[in-house]
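Written below as structure tokens is the structure these notes are about.
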Amino acid sequence: MPDLLDLSIAEAREGLDNGDFSAKEYTESHIKEIESANKTLNAYILETPEKALEMAAKSDERMAKGEAGLLEGIPLGIKDLFCTNGVRTTACSHILDGFEPPYESTVTENLWNAGAVMLGKLNLDEFAMGSSNETSHYGEVINPWRREGDDAKLVPGGSSGGSAAAVAAHLCVAATATDTGGSIRQPAAFTGTVGLKPTYGRVSRWGTIAFASSLDQAGPITRTVEDAAIMLQAMASHDEKDTTSVDIAVPDYRKELAGKVKGMTIGIPKEYRVDGMSEEIEALWQQGIEWFKDAGAKIVEVSLPHTKYALPAYYIVAPAEASSNLARYDGVKYGLRVEGDGIDGMYENTRAEGFGDEVKRRILMGTYVLSAGYYDAYYLKAQKVRTRIKQDFDEAFKDVDVMLTPTTPSPAFAMGEKSGDPLEMYLNDIFTVTVNMAGLPGLSVPAGMSASGLPLGLQLIGKPFDEGTLLKAGQVIEQAAGELPKPTKWWA
Amino acid sequence: MQINEATVKKIAKLARIKVTDQETKSLEGELSSILSWVEQLNEVDTDDVEPLTSVVETTMKKREDVVTDGGYASRVTKNAPLSEDNFFVVPKVVE
């Protein structure tokens with residue numbers, strides 16, 4: 001029998017259905033692996049083995065009765081941004097110390113209804129603000145990957161760094177994640193995993209701790225494109241409790257995978273060929289183009305003239321929305337409270353001690369751009385630029401089915417390498433952020449290795465609610481790239 | 001765009017976050033450089049462009065104005081750092 005930890009969701013579902021192993025055995029193997037690996041990698045900030053075994057036992061009962069759900073007996077890691085009923089949820093912030101939600105997020109509810117098992121809560125950048133998982137109150141996540149011949153600790157990317165590292169190190173078969181400016185796709189690229197950010201409105205935001213409400217969208221991190229399709233199938237729904245959730249039936253994504261890419265048109269946005277792009281990223285992109293040509297797709301160059309303005313516009317819109325969303329953390333309703341002089345003193349002390357530096361920086365930036373006299377110059381201007389960005393995509397998508405770009409400008413970098421300069425860190429999202437600004441679906445697929453022996457990803461951008469085509473195209477990259485190296489298990 | 005110490009202090013007050021003098025100093029530099037960087041947005045012609053309000057064209061959903069949830073104050077106040085008889089307790093606000 002193959003190592004249970006190496007199975008994909010699709011393979012594990014088959015094994016479970018055939019009775020090759022039980023949900024209990026499958027979950028136990030993951031619990032054991034987490035026990036030995038997590039001390040080093042710090043991907044989980046809360047392990048819930050008892051709950052996992054309880055859920056697995058119920059899965060076994062349901063399977064015995066022939067009532068298996070889509071994810072029956074599949075052990076998942078849950079980003080600690082999703083509220084889980086009675087299980088501590090903190091967004092990796094000190095300000096949410098000890099918070100135990102009395103409700104379940106719609107995404108996790110959907111997963112449990114499909115029969116999935118929760119292994120624990122995964123690390124992230126505080127309130128999902130970061131690109132390296134270095135801003136978590138619970139410490140950094142270590143990337144399972146190291147450069148060849150070098151044991152320097154690398155970041156797993158962020159904000160879904162715990163999700164990506166856990167999936168890459170086989171500490172769960174798949175994980176939930178969220179993406180506001182690249183937080184699913186960038187860590188997926190840094191860890192050699194598949195990351196899917198669905199169309200805005202495809203997945204309910206209810207019960208997911210809010211960062212920037214017009215940009216936030218939940219999606220999966222997995223090891224195969226097929227698994228991403230299965231996970232999205234279970235996560236997506238129309239939800240009365242989220243007014244931005246869209247009332248469109250969830251298609252059978254796995255069925256759409258079977259389609260052909262022959263005759264499809266792939267757009268190559270020329271503005272993504274940025275100054276100073278490294279040769280290996282350039283070569284990877286070219287390789288991707290060749291793969292699609294070989295698969296019978298037509299390649300055309302497209303233009304998205306406002307690409308370079310997406311990141312600065314994002315750094316107005318996201319902090320503005322964050323400053324408003326994070327106003328609720330005031331020491332009254334949940335989490336940390338630090339007493340002070342009167343109610344304002346209590347607010348100010350609680351928020352000073354409860355928020356980390358990056359979160360404070362973004363709240364202050366957001367407060368500034370929304371303050372009297374500056375609203376039009378910053379927030380309104382940024383939202384108008386956003387319209388321009390969206391128009392670029394609408395125009396380009398008249399001629400193409402999907403677009404192909406690199407996911408990140410570089411492979412994973414070392415701890416501390418970029419944490420001194422906020423602007424340098426922000427530039428990590430240069431290829432991913434446009435997708436959030438326009439609300440489109442984006443998929444990062446492992447495509448090759450850097451000269452230093454680290455994974456690199458290619459990004460596909462799709463039309464709204466066309467995740468099926470996106471996933472189908474993703475499989476072209478996956479199949480053409482073939483069997484890529486796995487991280488050596490130095491942490492065990 | 002250069003912002004000064006007084007502005008940092010003012011927005012910190014608006015955001016209800018206490019900042020030390022040292023934090024004020026580093027925030028002055030960091031926020032100024034971010035604001036200078038976003039100034040490139042002025043190069044974009046946005047005359048006659050509507051600000052984006054929704055990435056997906058939808059009509060606002062409406063629902064009946066009825067109570068569908070609630071009636072469990074103790075669950076709502078369960079996570080409060082300080083509560084009494086299902087009320088949140090805050091420092092005295094009105095003299």
Side-chain angles (χ1 to χ4, degrees), chain A residues 98-102 199-201 214 240 243-244 246-247 306 308-309 312-313 315-316 323 327 330-337 339-340 342-349 351-352 355 360-361 363-365 367-368 371 378 380-388 390 422-423 437-440 464, chain B residues 1 3 7-8 10-20 23 26-27 30-31 33-63 68-69 72 74-83 88-93:
Chain A
F99 175 56
E100 287 184 1
T199 313
Y200 184 82
S214 76
E240 296 278 331
T243 51
T244 61
V246 174
D247 192 1
H306 297 88
K308 67 176 273 212
Y309 301 107
Y315 275 96
I316 291 172
S323 77
D330 59 0
V332 175
K333 299 178 289 298
Y334 25 62
L336 183 74
R337 172 162 175 155
E339 295 301 339
I343 193 156
D344 277 334
M346 188 275 282
Y347 290 156
E348 289 178 357
N349 288 346
R351 290 163 64 82
F355 292 133
K360 284 182 194 168
R361 193 150 46 227
I363 291 176
L364 293 177
M365 176 79 186
T367 305
Y368 180 77
S371 63
Y378 290 107
L380 201 67
K381 178 78 186 179
Q383 288 290 50
K384 286 180 177 177
V385 171
R386 211 173 155 187
T387 299
R388 286 271 193 225
K390 187 168 185 310
L423 268 182
M437 294 300 269
L440 302 169
Chain B
M1 182 76 190
I3 65 167
T7 309
V8 173
K10 189 185 136 207
I11 57 174
K13 185 82 200 168
L14 285 173
R16 300 290 186 271
I17 297 175
K18 191 177 176 181
V19 287
T20 63
E23 281 172 323
S26 53
L27 282 164
E30 288 158 6
L31 295 179
S33 75
I34 298 170
L35 286 166
S36 307
W37 173 64
V38 302
E39 256 169 34
Q40 55 179 300
L41 294 180
N42 293 327
E43 297 164 14
V44 185
D45 177 8
T46 51
D47 294 348
D48 310 318
V49 175
E50 288 294 314
L52 190 107
T53 49
S54 167
V55 285
V56 177
E57 274 173 45
T58 47
T59 43
M60 179 62 88
K61 284 183 243 175
K62 296 188 180 108
R63 60 164 174 81
T68 57
D69 199 6
Y72 40 75
S74 64
R75 266 174 73 198
V76 174
T77 53
K78 185 180 80 99
N79 278 287
L82 211 57
S83 69
F88 295 114
V89 178
V90 294
K92 198 169 168 184
V93 188

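Chain identifiers are assigned alphabetically (A, B, ...) following the order of the sequence lines, protein sequences preceding nucleic acid strands; residue numbering begins at 1 within each chain. In what follows, every heavy atom counts, from backbone to side chain, and hydrogens, waters and symmetry copies are set aside.
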Let me know if [X] has heavy atoms under 4.5 Å from chain B in its side chain, its backbone, both or neither.
| X | result |
| --- | --- |
| A:Leu364 | both |
| A:Pro102 | both |
| A:Ile316 | side chain |
| A:Ala313 | both |

Hey, does [Y] have a side-chain heavy atom less than 4.5 Å from the side chain of [X]?
| X | Y | result |
| --- | --- | --- |
| A:Gln383 | B:Thr53 | no |
| B:Asn79 | A:Lys333 | no |
| A:Arg388 | B:Val44 | yes |
| B:Lys61 | A:Glu240 | no |
| A:Met365 | B:Leu35 | yes |
| A:Thr367 | B:Ile17 | no |
| A:Tyr368 | B:Leu31 | no |

Quick one: CG on A:Asn349 to CZ on B:Arg16, what's the gap to the nearest 0.5 Å?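 If I round to the nearest 0.5 Å, the distance is 12.5 Å.
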Euclidean distance, A:Glu339 CD relative to B:Leu82 CG, rounded to 0.5 Å: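 Spacing of CG (B:Leu82) from CD (A:Glu339) equals 7.0 Å.
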Residue pair B:Ser33 / A:Leu423: nearest heavy atoms and the distance that separates them: O-CD1, 3.9 Å
Identify the two heavy atoms, one from A:Arg386 and one from B:Leu52, that lie closest to each other, and give their separation to 0.1 Å. NE-CD2, 3.4 Å
Is the closest basic N to carboxylate O distance between A:Arg361 and B:Glu30 below 4.0 Å?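 Yes, A:Arg361 and B:Glu30 are salt-bridged.
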